[in-house]
Amino acid sequence: MFILRLWNYFCGYAIIIIKGVKIERFINLAVVNGIYIWDIEKIDYTTIKAKINLKDFSKLRIIVRKTDSNIKIIEKCGVPFKMKTVKKRKWFFFGLGALFVFLYILSSYIWMIEIHGLKSLDEQAVMDNLNIAGLRIGISKRRIDKREIENSMLIKMQDLTWIGLEIKGTKAFVTIVEKGPEQQPISREDPCDIVAVKNGVIEKILILNGDGMVKDGDTVQKGQVLVSGTIIRGDLPNRYVHSMAEIHARTWYEEAEEIPFEQIEYKKTGKAFNTYAIEIIKKKYERNKKIPFEEYNKSHREMHLLNFGSYVFPIKLIITRYEELKPLDIRLNEDVAKARCEERLNARIKMQIPEDAVILGSKIEYFVNEKSVMGKIYVEALENIGTKAKIN
């Protein structure tokens with residue numbers, strides 16, 4: 001039965017409505033004459049809906065006359081009618097086919113590179129080295145040798161400890177691991193001193209190994225030896241040990257900032273203007289439009305017009321938005337100027353103080369004149385200032 005219906009689909013069939021008072025006789029005569037009718041559905045007492053092969057449709061004329069029935073085609077189905085539709089709209093289907101061929105060709109190239117794991121390295125520098133190594137936008141996936149690119153990147157960029165390359169669709173995912181700060185490792189067997197990394201006043205010193213060179217309350221300078229790993233005992237030969245100690249000292253930080261009373265602030269007027277551009281394979285098409293604002297904020301938004309999961313094709317809509325700004329001359333009062341000064345001073349001083357330091361106190365002094373407020377912040381902290389230095 002399935003094979004027969006499949007055959008009728010390829011040959012073409014019609015869905016018909018038959019009306020008449022002799023519907024049962026109509027169906028019997030069709031069967032007797034070898035006319036195949038299927039999916040018969042009774043609509044009411046005098047009406048049925050059914051399907052019939054196209055080559056058998058003309059044979060129904062005699063049966064229609066004998067049964068005084070009325071027949072009407074409501075839909076034509078199957079391959080022959082689909083082909084007629086295609087012929088009528090051949091240019092549309094030709095264009096659609098060409099689009100699929102075009103997308104298939106584009107899918108064999110890399111159109112997006114994503115880099116993960118960046119910390120201190122410049123993304124553009126990594127991208128430039130990837131281009132040299134053989135991974136770039138627009139390269140055929142068949143020409144990509146992942147192992148060769150990975151090895152080349154490790155050779156070219158000494159700051160990398162590992163790199164991995166994965167291709168998904170038209171995207172290349174690059175994952176990198178950067179080297180940490182280079183520090184000369186000192187093993188427990190190596191003799192070493194403990195020296196100060198910054199100026200301070202010793203608050204507490206606990207020596208576990210080595211000879212202490214300072215005591216609580218001493219003022220020390222950056223680079224000064226705090227605990228010596230060279231043990232000198234009278235006439236005995238010098239002995240060298242691996243110094244160990246906990247050394248906490250009070251340290252001081254300061255920063256300065258000036259805030260003028262006369263300020264220019266830019267406020268949005270609520271007016272905005274958009275421009276649109278299409279980028280196809282890195283070539284940008286746009287109309288030059290004059291921006292109707294003198295002062296504005298500019299922002300970009302990009303949308304890939306053809307994006308199917310990991311298959312991203314190089315056709316982008318670029319929307320550039322301009323938001324009008326109106327410059328306003330304002331004069332800050334002293335309290336507002338001091339508040340801004342304090343905010344900036346706290347942000348700047350925070351960048352200098354280690355995260356594990358304990359803040360013992362802070363103070364801000366202000367100096368006011370006719371034009372501005374100048375602030376100076378002083379912070380006292382308690383922190384570990386010792387670091388190991390190998391004895392050569």
Side-chain angles (χ1 to χ4, degrees), residues 117-124 178 180-181 183 194-206 214 216-224 226 246-272 293-301 320-387:
L118 283 174
K119 292 181 180 177
S120 58
L121 291 176
D122 179 59
E123 184 175 1
Q124 188 58 49
E178 300 181 17
Q183 294 181 347
I194 296 179
V195 300
V197 295
K198 59 183 65 176
N199 302 338
V201 174
I202 301 299
E203 183 74 15
K204 176 182 167 184
I205 179 167
L206 175 62
V214 295
D216 292 355
D218 285 354
T219 300
V220 298
Q221 304 294 320
K222 180 179 179 181
Q224 181 177 340
L226 306 177
E246 290 185 10
I247 305 168
H248 291 85
R250 285 182 289 128
T251 55
W252 291 267
Y253 300 86
E254 60 181 60
E255 273 288 351
E257 182 71 38
E258 184 177 12
I259 303 294
F261 289 126
E262 301 293 339
Q263 299 270 332
I264 298 177
E265 288 192 353
Y266 292 88
K267 292 193 175 181
K268 294 181 181 180
T269 65
K271 296 180 181 179
F293 313 131
E294 292 185 4
E295 302 286 349
Y296 51 81
N297 269 341
K298 183 179 179 181
S299 60
H300 295 279
R301 187 160 61 97
T320 305
R321 184 173 179 81
Y322 301 86
E323 294 180 291
E324 185 183 30
L325 298 176
K326 183 179 180 181
L328 299 174
D329 294 324
I330 64 170
R331 181 174 176 84
L332 303 180
N333 61 42
E334 186 175 324
D335 290 338
V336 173
K338 285 182 178 179
R340 291 191 182 185
C341 188
E342 181 181 357
E343 183 180 355
R344 294 185 187 180
L345 285 171
N346 285 325
R348 290 174 61 180
I349 204 72
K350 186 178 179 181
M351 297 175 65
Q352 296 186 35
I353 302 174
E355 290 184 2
D356 58 351
V358 178
I359 305 299
L360 300 177
S362 64
K363 179 178 68 173
I364 299 178
E365 293 181 351
Y366 296 104
F367 307 92
V368 182
N369 56 42
E370 294 181 357
K371 294 184 177 180
S372 65
V373 169
M374 177 170 285
K376 200 166 187 179
I377 187 171
Y378 304 89
V379 175
E380 182 181 3
L382 181 67
E383 59 183 293
N384 185 356
I385 65 167
T387 187

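Given the structure is predicted, the values throughout are model-derived calculations rather than measurements. Only this structure's heavy atoms are used, side chains among them; waters, hydrogens and symmetry mates stay out.
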Original post:
Has Glu365 got more than 12 heavy atoms of other residues, nucleotides or ligands less than 6.0 Å from its CD?
Top reply: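 Yes, because the 6.0 Å sphere around CD of Glu365 holds more than 12 heavy atoms from other groups.
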
Subject >> Atom CD of Glu294: over 12 foreign heavy atoms under 6.0 Å >> reply: no

With a 4.5 Å cut-off on side-chain heavy atoms, are [Y] and [X] touching?
{"X": "Tyr366", "Y": "Glu342", "answer": "yes"}
{"X": "Leu325", "Y": "Lys268", "answer": "yes"}
{"X": "Asn346", "Y": "Lys350", "answer": "no"}

Which heavy atom of [X] sits nearest to which heavy atom of [Y], and what is that distance?
{"X": "Glu258", "Y": "Pro260", "value": "O-CD, 3.8 Å"}
{"X": "Tyr266", "Y": "Pro327", "value": "CE2-CB, 3.5 Å"}
{"X": "Asn369", "Y": "Lys371", "value": "OD1-N, 2.8 Å"}
{"X": "Arg348", "Y": "Ala256", "value": "NH1-O, 3.1 Å"}

Roughly how far apart are [X] [atom1] and [Y] [atom2], rounded to 0.5 Å?
{"X": "Thr269", "Y": "Glu295", "atom1": "OG1", "atom2": "CD", "result": "11.5 Å"}
{"X": "Leu328", "Y": "Ile264", "atom1": "CG", "atom2": "CD1", "result": "10.0 Å"}
{"X": "Arg331", "Y": "Phe261", "atom1": "CZ", "atom2": "CZ", "result": "6.0 Å"}
{"X": "Glu254", "Y": "Lys376", "atom1": "CD", "atom2": "NZ", "result": "4.5 Å"}
{"X": "Lys326", "Y": "Lys267", "atom1": "NZ", "atom2": "NZ", "result": "10.0 Å"}
{"X": "Arg301", "Y": "Thr320", "atom1": "CZ", "atom2": "OG1", "result": "10.5 Å"}

Subject >> Residues Lys338 and Glu334 bridged, charged N to O under 4.0 Å >> reply: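 Salt bridge flag = yes for Glu334 with Lys338.
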
Subject >> NZ/NE/NH1/NH2 to OD/OE distance under 4.0 Å, Glu257 and Arg344 >> reply: yes

Subject >> Donor-acceptor pair, side chain of Glu178 and main chain of Ser120, under 3.5 angstrom >> reply: yes

Indicate every side-chain donor-acceptor pair of residues 352-359 with a distance under 3.5 Å to a residue at least two apart or in another chain.
from, atom 1, to, atom 2, distance (Å)
Gln352, NE2, Glu255, OE2, 2.5

**OP:** Please identify each residue that fulfils ring pair (Phe, Tyr, Trp, His ring centres under 6.0 Å) with Tyr322, with sequence neighbours left out.
**Re:** Tyr296

N/O donor-acceptor pairs under 3.5 Å from side chains in residues 377-386, not counting sequence neighbours:
from, atom 1, to, atom 2, distance (Å)
Glu380, OE2, Arg250, NH1, 3.3
Glu383, OE1, Lys198, NZ, 3.2
Glu383, OE2, Thr251, OG1, 2.6
Glu383, OE2, Tyr253, OH, 2.5
Asn384, OD1, Gly386, N, 3.1

